Amino acid sequence: MASKLLRAVVLGPPGSGKGTVCERIARSFGLQHLSSGQFLRESLGGGDGECPRGRPVGESGGTGSCVMDGFGSILAAFLPLIPAPFHCGACTGFPRTLGQAKALDRICELDLVISLNIPFETLKDRLSARWVHPASGRVYNMDFNPPHVQGVDDLTGEPLVQREDDRPEAVAARLRKYKDAAKPVIELYKSRGILHSFSGTETNKIWPYVYTLLSSKIPPVLSDEEN
């Protein structure tokens with residue numbers, strides 16, 4: 001575990017690869033990865049990574065985002081998981097709205113915010129090709145990360161499903177709503193001088209720049225080549 005205190009958030013629209021980036025950060029720098037989607041699945045009994053078992057927890061930036069500003073017990077339970085002093089963590093999927101960002105401020109002060117900027121067409125293609133294993137939240141992409149057997153989960157052999165909001169007709173509206181909700185969050189962190197934006201179409205090409213940034217803040221435990 002890294003010894004220097006660091007709290008970071010990875011922001012990005014649906015399909016931007018923020019979960020992948022955060023997992024690499026956790027491995028490379030010995031940080032704890034906190035995922036709001038995973039927390040919701042475990043707390044509410046499974047689901048597809050957004051709204052467990054299709055049950056909306058609330059409303060925020062739009063379709064595909066079931067975490068609202070005042071969702072009470074879920075927010076109260078998730079925020080204390082932000083690592084205490086002398087521990088480090090990177091969080092994905094939160095905050096999604098300005099209200100959530102302000103709630104996070106009451107718990108801890110962020111050191112770093114990473115924003116992933118991916119072209120609309122790339123996001124649309126990624127989301128439309130995405131299928132999930134509902135019970136675990138494992139995500140597959142039929143273009144670059146397909147399951148070993150089409151239509152079934154690699155580990156359990158159970159059927160994969162495509163979320164309603166990943167279907168092509170829903171993706172455009174989903175991305176527009178995310179953009180509207182995220183804009184004030186991004187502006188807030190930009191005004192504080194802690195926002196670092198990375199643009200591209202491939203996570204593997206964005207990652208080295210993220211690694212270099214984090215290496216200037218905290219000693220890595222793995223080299224870029226080892227990850």
Side-chain angles (χ1 to χ4, degrees), residues 1-39 49 61 65 78-79 81-98 100-105 107-123 126 139 141 144-145 175 178-179 181-227:
M1 177 67 70
S3 58
K4 183 181 177 181
L5 177 64
L6 181 76
R7 293 187 178 101
V9 162
V10 179
L11 302 177
S16 62
K18 56 186 176 292
T20 299
V21 168
C22 210
E23 288 171 1
R24 290 186 180 185
I25 290 174
R27 288 197 303 267
S28 296
F29 295 91
L31 305 185
Q32 181 182 2
H33 175 197
L34 301 174
S35 167
S36 62
Q38 181 64 27
F39 175 76
S65 178
F78 180 69
L79 290 184
L81 296 180
I82 302 296
F86 309 113
H87 289 77
C88 311
C91 175
T92 56
F94 186 91
R96 300 187 185 195
T97 68
L98 187 59
Q100 291 176 10
K102 291 178 178 179
L104 183 58
D105 282 344
I107 300 296
C108 70
E109 181 179 353
L110 293 176
D111 303 294
L112 186 67
V113 176
I114 294 169
S115 178
L116 303 179
N117 300 320
I118 312 299
F120 173 81
E121 288 301 320
T122 299
L123 293 172
R126 285 185 186 178
V139 178
N141 186 287
F144 57 82
N145 179 37
L175 293 176
Y178 169 84
K179 183 178 179 180
K183 183 177 179 179
V185 178
I186 291 172
E187 290 299 322
L188 173 67
Y189 293 134
K190 183 178 180 180
S191 70
R192 295 179 181 176
I194 61 173
L195 180 74
H196 299 265
S197 297
F198 299 92
S199 301
T201 59
E202 299 179 33
T203 301
N204 286 340
K205 291 184 178 180
I206 293 174
W207 167 247
Y209 297 100
V210 175
Y211 182 89
T212 298
L213 170 66
L214 268 294
S215 295
S216 70
K217 306 291 184 182
I218 188 171
V221 298
L222 293 177
S223 68
D224 190 11
E225 292 75 18
E226 289 178 297
N227 198 325

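We count residues from 1, following the sequence as given. What you see is a predicted model; the values in this text were computed from it and never measured.
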Shortest non-hydrogen separation from [X] to [Y] and the atoms involved:
| X | Y | value |
| --- | --- | --- |
| L98 | P184 | CD1-O, 4.0 Å |
| P95 | L11 | O-CD2, 3.5 Å |
| A101 | V185 | CB-CG1, 4.4 Å |
| L123 | P13 | CD1-CG, 3.5 Å |
| V10 | K18 | CG1-CB, 3.6 Å |
| K217 | L112 | CE-CD1, 4.4 Å |

Roughly how far, to the nearest 0.5 Å, is [atom2] of [Y] from [atom1] of [X]?
| X | Y | atom1 | atom2 | answer |
| --- | --- | --- | --- | --- |
| R7 | L104 | CZ | CG | 9.5 Å |
| I118 | I206 | CD1 | CD1 | 3.5 Å |
| T201 | E121 | OG1 | CD | 12.5 Å |
| L6 | L110 | CG | CG | 9.5 Å |
| L214 | Y209 | CG | OH | 15.5 Å |
| L213 | Y211 | CG | OH | 12.5 Å |

N204: side chain to side chain donor-acceptor pair (under 3.5 Å) partners, not counting sequence neighbours: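 Per chain and number, N204 pairs via side chain to side chain donor-acceptor pair (under 3.5 Å) with R24.
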
Practice item. Determine, step by step, whether I25 and W207 satisfy the side-chain contact (heavy atoms from CB on, under 4.5 Å) criterion, reporting the C-alpha distance in whole Å, the side-chain angles of both residues, the deciding distance to 0.1 Å, and the verdict. Key: CA-CA 9 Å; I25 290 174; W207 167 247; 3.6 Å; yes

Applying side chain to side chain contact (heavy atoms under 4.5 Å, CB included) to S197 and not counting sequence neighbours gives S115, N117, L195

- Would you say the side-chain atoms of D111 pair up with the backbone N or O of A8, donor to acceptor, closer than 3.5 Å?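 No; zero donor-acceptor contacts below 3.5 Å.
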
Would you check if the side chain of Y178 reaches a backbone N or O of R96 as a donor-acceptor pair within less than 3.5 Å? no

F198 side chain reached by S16 side chain, heavy atoms, under 4.5 Å |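 The answer is no; the side chains never approach within 4.5 Å.
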
